[in-house]
Amino acid sequence: MTEAELIIIGNGMACQRLLTELVQQPNRPSSIVVFGAEAKPAYNRVLLSGLLSNELPDSAAELVSPDWYAEHNIELICDDAVVLIDRERKLVVSRHGRYRRYRQLVLACGALPLTPGYANEKANKNANENARDSDQILRPGICHFRNWQDLATLRLAGQQLQHAVVVGGGFLGLEAAEGLRKLGMQVSLLQRGAYLLNRQLDASAAGLLQQQLTQRGLNIITNSEISSLNYRRGQLQSVALTSGQQLKADLVVLALGIRPNISLAQQSGLSVKRGILVNRNLQSSDSAIYALGECIELNGETFGLVAPINDQATQLAQTLCGKPAPYCSEQAATQLKISGIALSSCGDIATLCANADSFDGCTDYLDSELNEYRRLWWRGPYLVGAVLYGDTGLSQQLSQLINQQQPYHGCRSALLLGQIEPGPVSSAATEPAAVNEPQQDAA
């Protein structure tokens with residue numbers, strides 16, 4: 001049995017970014033083996049919604065050409081998940097019986113979608129429990145929107161079915177709902193909270209978003225959850241909500257968030273909490289095993305956005321090549337487009353909206369005709385949060401100001417309008433630190 005200098009478990013976006021960084025290193029591992037659970041090599045999951053709505057061709061999601069791995073002397077094994085790590089012998093075993101030894105091992109296992117009990121065929125649980133079995137079997141008419149197989153399922157549904165219910169008002173839920181609507185389905189979107197994207201937006205920005213999506217034809221129902229599923233002869237017919245309302249449903253799409261995939265690490269005896277515990281070098285409790293991406297936990301933080309995971313890959317590549325480069329987490333701006341609507345936020349928006357004591361001033365801007373909205377949160381002279389809706393041109397500058405945590409003494413209204421550079425200026429132009437400025441309507 002040959003020994004690989006490096007084995008990577010998981011062939012998602014985090015793995016591919018790590019490989020791309022590794023092949024640029026002069027002293028890269030000479031032999032690399034990658035195990036992927038999916039039949040398809042790594043692809044850009046961020047583009048799944050564009051593929052679903054036929055706005056993009058399938059080829060747009062391809063991260064590298066099929067020949068790229070062989071060209072860089074990387075053995076790629078698809079459709080064969082690793083099921084066992086023998087840390088003592090430094091050995092991994094795959095589902096199909098492949099054995100490989102390693103010198104260094106990287107876990108890039110990603111995350112698993114959250115599944116409520118009512119959707120899980122194997123779990124007799126109430127609707128508020130999340131199934132914890134990674135091999136869960138969904139009931140007929142239920143699917144996630146997470147991978148290429150889910151994409152194929154939803155495409156087929158768009159051709160054959162009429163009524164869809166999407167559960168979850170986050171980015172993925174909104175994108176799935178819009179994609180199915182564009183395929184011609186009648187779509188209801190359920191959000192458990194009071195408004196959409198409640199971790200990224202405040203109520204005002206979310207209200208604008210809901211208004212635009214409703215005008216396009218989505219039926220959005222907030223403060224609501226599914227209480228039961230109604231079947232006839234094995235076919236899903238409708239769903240009952242906790243409010244008592246009934247909705248027609250040939251299909252239910254779950255987009256309730258994710259949890260780090262820690263099952264393999266836990267089974268092998270690595271230290272885990274919510275995610276696989278790593279230090280700043282992304283090293284686990286076993287010095288030969290590293291981890292990155294959605295499966296890890298660092299200083300109590302887990303990761304689901306592309307930007308920090310790309311940073312992790314860049315620094316881990318150096319560490320694996322003998323040049324330790326500790327990873328430092330920053331608050332990256334969340335900047336996405338939902339069916340052409342631009343959104344951006346930075347900072348702990350959920351806490352700022354829920355706790356008035358977490359800030360002492362706000363600066364607001366609203367243009368009702370252009371559907372543009374911005375809000376900045378201040379703590380003394382420090383910018384601690386920003387939400388942009390419709391026009392996100394200031395996103396990068398504001399996120400830098402938040403991360404640098406330098407006091408800002410300039411004109412806050414001008415900063416909000418992008419009329420000056422967001423950096424410290426002379427105190428001659430200062431405004432009171434704790435001003436809660438009235439909302440401005442440019443119209």
Side-chain angles (χ1 to χ4, degrees), residues 1-38 41-42 63-110 261-262 264-265 267-271 275-296 298 303 309-327:
M1 185 191 312
T2 59
E3 179 186 67
E5 282 197 34
L6 175 65
I7 289 180
I8 304 175
I9 298 176
N11 184 220
M13 293 174 66
C15 167
Q16 186 56 51
R17 182 57 180 253
L18 176 60
L19 291 173
T20 302
E21 297 288 342
L22 280 171
V23 298
Q24 299 177 49
Q25 298 290 327
N27 55 339
R28 53 155 283 187
S30 60
S31 56
I32 301 175
V33 178
V34 177
F35 283 89
E38 291 192 62
L63 292 174
V64 294
S65 71
D67 300 328
W68 184 90
Y69 301 93
E71 290 170 359
H72 291 90
N73 194 31
I74 296 169
E75 182 184 2
L76 175 62
I77 302 171
C78 292
D79 196 22
D80 196 11
V82 169
V83 295
L84 176 67
I85 301 173
D86 185 333
R87 291 167 51 200
E88 185 175 344
R89 293 191 290 170
K90 290 191 173 181
L91 174 74
V92 302
V93 182
S94 77
R95 176 173 286 129
H96 296 316
R98 289 185 172 91
Y99 290 74
R100 294 287 193 278
R101 293 191 185 277
Y102 62 86
R103 292 185 190 174
Q104 292 179 308
L105 179 67
V106 172
L107 301 179
C109 306
N261 185 0
I262 63 173
L264 189 59
Q267 176 190 348
S268 63
L270 295 176
S271 297
I276 302 168
L277 294 177
V278 296
N279 60 24
R280 289 182 60 205
N281 288 325
L282 303 180
Q283 188 176 48
S284 74
S285 54
D286 184 323
S287 60
I289 301 178
Y290 297 80
L292 82 161
E294 293 173 327
C295 64
I296 72 169
L298 174 60
F303 304 88
I309 293 174
N310 284 346
D311 290 342
Q312 291 169 17
T314 299
Q315 292 173 261
L316 181 56
Q318 296 180 52
T319 298
L320 293 172
C321 295
K323 298 179 291 184
Y327 170 71

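One is the number of the first residue; the rest follow in order along the sequence.
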Shortest non-hydrogen contact between [X] and [Y], atoms and distance:
X: G36; Y: N11; result: CA-CB, 3.8 Å
X: L264; Y: I9; result: CD2-CD1, 3.9 Å
X: I309; Y: A14; result: CG2-CB, 3.6 Å
X: C295; Y: N261; result: CB-O, 3.8 Å
X: Q312; Y: I296; result: OE1-CD1, 3.6 Å
X: P41; Y: L76; result: CB-CD2, 4.0 Å

Do [X] and [Y] touch side chain to side chain, with heavy atoms closer than 4.5 Å?
X: V278; Y: Y290; result: no
X: L22; Y: L6; result: yes
X: V82; Y: R100; result: no
X: V64; Y: Q16; result: yes
X: S285; Y: L277; result: no
X: R101; Y: K90; result: no
X: L107; Y: I85; result: yes

Under the side chain to side chain contact (heavy atoms under 4.5 Å, CB included) criterion, do Y327 and T319 qualify, and how do the steps go? CA-CA 10 Å; Y327 170 71; T319 298; over 6 Å; no
Value rounded to 0.5 Å, distance of [atom1] in [X] from [atom2] in [Y]:
X: R95; Y: I77; atom1: CZ; atom2: CD1; value: 14.0 Å
X: H96; Y: F35; atom1: NE2; atom2: CZ; value: 11.0 Å
X: L91; Y: L84; atom1: CG; atom2: CG; value: 7.0 Å
X: E75; Y: I8; atom1: CD; atom2: CD1; value: 12.5 Å

Picking from V106, L19, N73, L320, what satisfies side-chain contact (heavy atoms from CB on, under 4.5 Å) with I32?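 Only match with I32 under side-chain contact (heavy atoms from CB on, under 4.5 Å): L19.
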Side chain of [X], backbone of [Y]: donor and acceptor closer than 3.5 Å?
X: S284; Y: I289; value: yes
X: S287; Y: Q283; value: no
X: E5; Y: S31; value: no

Mind checking what makes salt bridge (charged side-chain N to carboxylate O under 4.0 Å, His left out) contact with R280, not counting sequence neighbours?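 R280 satisfies salt bridge (charged side-chain N to carboxylate O under 4.0 Å, His left out) with no other residue.
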Using the salt bridge (charged side-chain N to carboxylate O under 4.0 Å, His left out) criterion, which residues pair with D86? Sequence neighbours excluded.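 For D86, the residues satisfying salt bridge (charged side-chain N to carboxylate O under 4.0 Å, His left out) (neighbours in sequence not counted) are R89.
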Counting neighbours of CD on E88 that are heavy atoms of other residues, nucleotides or ligands and sit closer than 6.0 Å, is the number greater than 12?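 Incorrect, the count does not exceed 12.
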Any donor-acceptor pair under 3.5 Å linking the side-chain atoms of D80 with those of S94?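 Judged by distance alone, the side chains do pair up.
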From CA spacing to verdict: side chain to side chain contact (heavy atoms under 4.5 Å, CB included), L63, M13: CA-CA 8 Å; L63 292 174; M13 293 174 66; 4.2 Å; yes
Where at least one partner belongs to residues 6-26, residue pairs that pass salt bridge (charged side-chain N to carboxylate O under 4.0 Å, His left out), sequence neighbours excluded: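 Checked against salt bridge (charged side-chain N to carboxylate O under 4.0 Å, His left out) - neighbours excluded - the pairs reaching residues 6-26 are R17-E21.
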